[in-house]
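These numbers come from a predicted model, not from an experiment. Note that the numbering runs from 1 along the sequence shown for the chain.
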Amino acid sequence: MLAPRDTATRERKSLDGLWRFALDAAGAGREQGWQHGLPGGAREMPVPASYNDVFPEPALHDHVGDVWYETTAWVPARWAGQRIVLRLGSATHRAVVWVNGSHVTEHEGGYTPFEADVTEVVEAGAENRITVVVNNVLTWRSIPPGYVEQTPDGPLQRYFHDFFNYAGLHRSVWLYTTPQAHITDVTVVTGLSGATGTVDYQVATAGADGLQVHVALTDADGAEVARATGGGGQLAVAHARPWRPGEGYLYDLAVQLWGDGEVPVDAYSLAIGIRTVRVDGTRFLINGEPFYFRGFGKHEDIALRGKGHDNVFMVHDFALMDWLGANSFRTSHYPYAEEVLDYADRRGIVVIDETAAVGLNISINSGTFGSQGFKTFSSGTVSDATREVHRQAIRELVARDRNHPCVVIWSIANEPESDTPESRAYFEPLAADTRGLDPSRPVGFANVMLAPANKDVVADLFDIVMLNRYYGWYVDTGDLPAAERALEAELNAWARGPKLGKPIIMTEYGADTIAGLHSVTPVPWTEEYQVELLAMSHRVFDRVDAVVGEQVWNFADFATGSGVMRVDGNKKGVFTRDRRPKASAYLLRRRWRGLP
């Protein structure tokens, strides 16, 4: 899916700002026709943002069900005759959209964009009403899963992941134009052979019978380096400058549709990086060179805005990662805003791109849910229907992000059950589907501690081993010598296992830490203990050759649901939620800036 761009033939209009907003706790709005106008009492809500924390109201913070957004947008008269598209960057977790009271689209999944051709229902040269109903309910069929418990006080959303179920219009909303004959999609796969770079491209079009596709590749200085005609082919780039970690060198691929006129019918430009990714034994190679991941699991999580995209925090977070010497992060546990990947492309930051398939594991929550007799995989819990939603989430992730050079691994799940025959049956087709959608990147998932090397039955389906481990925190709490022995023993079991021999990335390790809590003897929850636990982990990583990366959990403290395990959220951040460093940040800065 192509992101909206202003080009010689296209124009876009941002609809970000204050929208009218109404809670619909009773779920009456659809029957009562709120798409034709919200009822009295609607108030203003910023877009993009989560709605949960904007007003100091428990009913809003803990709402379960529908909320309604409405705005009006002036469509310029000059847009008449053009194809007009409405695009929403995300609506968490599902949405139905109307324009001027006409249903135009609906979407399942809270973290990928969707759009609708609204040419026939908008009026150029006039104001037009756009209405969106967003539903935040998690079910056994949704990704991520959950269920609603009916209590005497109303519905209560239960879910199995450890971050708050923020909801709303989290990313930008756009109106944009294309010509009637237009480019619908562009796909690139790059390669390197010595000093020569290759760009294999495919261009999809609509209404373009009799028109010809022209492509031209220019370098960062604007000099043309390759040109071709046709909807698919390969460009050769002599003396190519690769995209590499720490150096986000980008070329510009200009795609045009031409007829008999003197100007193109449609034009679109795409920033691309020429690079390769490959797994070789226990090595992870970028451009044929071994790469070691240094970085974090992160969250889109900011006070008040929740998961709403914020360019200020994005730029600041990247600056902090640079200060630390980090070179990578994982989009835990859902696709991040497209602006984040665009920025990572330019900054040369490596990304593990993850779907929202988190919480596919009842065993992790056995203390809360096990007594209720739930199984992770069954006809009444995570089922074939769930897998179809999961499959669509993978398709949409790959379709949106496949052209980003920063993305080097597809992660299709975080901490799922992976030690049962049912888990293998669930994941085997999904791993194959992902590889079929994009054979150019490795595919993985983040493995949970309940499925070590001798119990996991899924890891052999994937190209890389990604481990979330909390030795010294959830296991061997406060006993770092025992934790060090146990961590090394498990990593060696993965590295030397007969079915494995794959690169290992530690995608999570760490300890909850209260900023400002200190002790002469390092004890859990103190800053000193977090430092010692990370240092212990690093000693082990350095002794196991198959380990090709370390991503601390987490970059910053973040909001979670309520529970006795969490005090004002998850405190495993190296930074506080407002990005103040803990002592561990200085440990990581010394280590990561000293690594080759």
Side-chain angles (χ1 to χ4, degrees), residues 244-247 284 286 289-299 315-330 332 344 347-352 467-473 478 480-481 483-485 487-488 491 503-558 570-596:
R244 54 169 54 98
E247 186 182 347
F284 192 91
I286 298 180
E289 299 176 357
F291 177 70
Y292 191 88
F293 294 78
R294 309 188 299 265
F296 298 95
K298 291 179 90 276
H299 265 297
V315 173
H316 185 56
D317 284 358
F318 274 76
L320 290 176
M321 285 191 287
D322 182 65
W323 176 77
L324 288 166
N327 60 18
S328 63
F329 64 89
R330 176 170 58 122
S332 44
R347 299 292 298 175
I349 296 294
V350 170
V351 176
I352 300 173
L467 301 178
N468 296 353
R469 294 295 184 269
Y470 289 96
Y471 290 102
W473 188 247
L480 292 180
E484 185 165 356
R485 291 190 297 271
L487 174 59
E488 185 165 8
L491 289 182
I504 299 170
I505 303 174
M506 295 300 301
T507 38
E508 290 186 23
Y509 64 105
D512 280 281
T513 304
I514 301 298
L517 183 63
H518 297 284
S519 174
V520 173
T521 301
V523 295
W525 294 97
T526 65
E527 293 195 40
E528 288 75 18
Y529 188 77
Q530 187 182 39
V531 167
E532 292 298 323
L533 187 149
L534 296 183
M536 174 276 292
S537 301
H538 298 155
R539 289 194 298 271
V540 175
F541 302 161
D542 291 345
R543 294 196 294 262
V544 180
D545 290 340
V547 172
V548 299
E550 55 197 54
Q551 293 187 330
V552 178
W553 189 259
N554 190 281
F555 175 76
D557 297 343
F558 57 91
N570 190 303
K571 298 299 185 185
K572 293 186 181 69
V574 168
F575 296 93
T576 62
R577 199 179 187 202
D578 59 354
R579 279 38 175 190
R580 289 174 294 173
K582 301 176 187 177
S584 57
Y586 298 93
L587 167 78
L588 292 173
R589 177 177 162 86
R590 290 191 297 271
R591 173 174 171 80
W592 289 347
R593 286 191 165 270
L595 289 175

K.L.:
If you take all heavy atoms of Pro245 and Val350, which pair is closest and at what distance?
P.N.:
CG-CG2, 3.9 Å
K.L.:
Once rounded to the nearest 0.5 Å, what's the spacing between atom CD of Gln551 and atom CE of Met506?
P.N.:
10.5 Å
K.L.:
Are Ile286 and Glu289 packed together at the side-chain level, in the sense that at least one heavy-atom pair is separated by less than 4.5 angstrom?
P.N.:
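Side-chain contact under 4.5 Å: no.
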K.L.:
Can you measure from CG (Leu491) to CG (Asp545) and round to the nearest 0.5 angstrom?
P.N.:
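Result: 11.5 Å between the selected atoms.
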K.L.:
Give the ring-plane orientation class for Trp553 versus His299, where under 30° counts as parallel, over 60° as perpendicular and anything between as tilted.
P.N.:
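Aromatic pair Trp553/His299 classed perpendicular.
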K.L.:
Could you measure the distance from the CG atom of Leu487 to the OH atom of Tyr470? Nearest 0.5 Å is fine.
P.N.:
12.5 Å
K.L.:
Mark yes or no for whether Ser328, through its side chain, and Val351, through its backbone, hold a donor-acceptor pair below 3.5 Å.
P.N.:
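No: the side chain of Ser328 does not pair with the backbone of Val351.
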K.L.:
Which distance, rounded to the nearest 0.5 Å, do you find between the CG of Asp557 and the NZ of Lys571?
P.N.:
5.0 Å
K.L.:
Under the salt bridge (Lys or Arg N to Asp or Glu O under 4.0 Å) criterion, do Glu508 and Lys572 qualify, and how do the steps go?
P.N.:
CA-CA 10 Å; Glu508 290 186 23; Lys572 293 186 181 69; over 6 Å; no
K.L.:
With the side chain counted from C-beta on, respond yes when Phe329 and Asp317 share a heavy-atom pair under 4.5 Å apart, and no when they do not.
P.N.:
no
K.L.:
Using modelled atom types only, decide if a donor and an acceptor are shared between the side chain of Arg593 and the backbone of Arg591 within a distance under 3.5 Å.
P.N.:
no
K.L.:
Checking the side chain of Gln530 only, and the main-chain atoms of Gly510 only, is there a donor and an acceptor separated by less than 3.5 Å?
P.N.:
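No; judged by distance alone, with no hydrogens or angles, the pair does not exist.
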K.L.:
Which residue is it: Leu324, Thr507, Leu320? I am looking for the one with a side-chain contact (heavy atoms from CB on, under 4.5 Å) to Phe296.
P.N.:
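The option that passes is Leu324.
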K.L.:
Quick check for you: to the nearest 0.5 Å, what is the distance between Ile504 atom CD1 and Glu550 atom CD?
P.N.:
13.5 Å
K.L.:
Can you label the angle between the Phe575 ring and the Phe555 ring as parallel, tilted or perpendicular, going by 30° and 60°?
P.N.:
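Phe575 and Phe555: tilted rings.
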K.L.:
Do Tyr529 and Leu480 make a side-chain contact, defined as non-hydrogen atoms from C-beta onward lying under 4.5 Å apart?
P.N.:
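With C-beta onward as the side chain, the pair touches.
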K.L.:
Are Trp592 and Trp323 close enough that their ring centers fall under 6.0 Å?
P.N.:
no
K.L.:
If every non-hydrogen atom of Val547 is compared with every non-hydrogen atom of Tyr292, which pair is closest and at what distance?
P.N.:
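In this case the closest contact between Val547 and Tyr292 is O-CE1, 3.5 Å.
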K.L.:
Would you say the side chain of Asp512 lies within less than 4.5 Å of the side chain of Trp525, judging by non-hydrogen atoms?
P.N.:
yes
K.L.:
Checking the side chain of Glu527 only, and the main-chain atoms of Lys582 only, is there a donor and an acceptor separated by less than 3.5 Å?
P.N.:
no
K.L.:
Can you tell if the side chain of Leu588 reaches within under 4.5 Å of the side chain of Val552, non-hydrogen atoms only?
P.N.:
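A side-chain contact under 4.5 Å exists here.
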K.L.:
Tell me whether the count of non-hydrogen atoms from other residues, nucleotides or ligands lying under 6.0 Å of CZ in Arg543 goes above 12.
P.N.:
yes
K.L.:
How long is the gap from OG on Ser584 to CD on Glu532, to the nearest 0.5 Å?
P.N.:
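So the gap between those two atoms works out to 11.5 Å.
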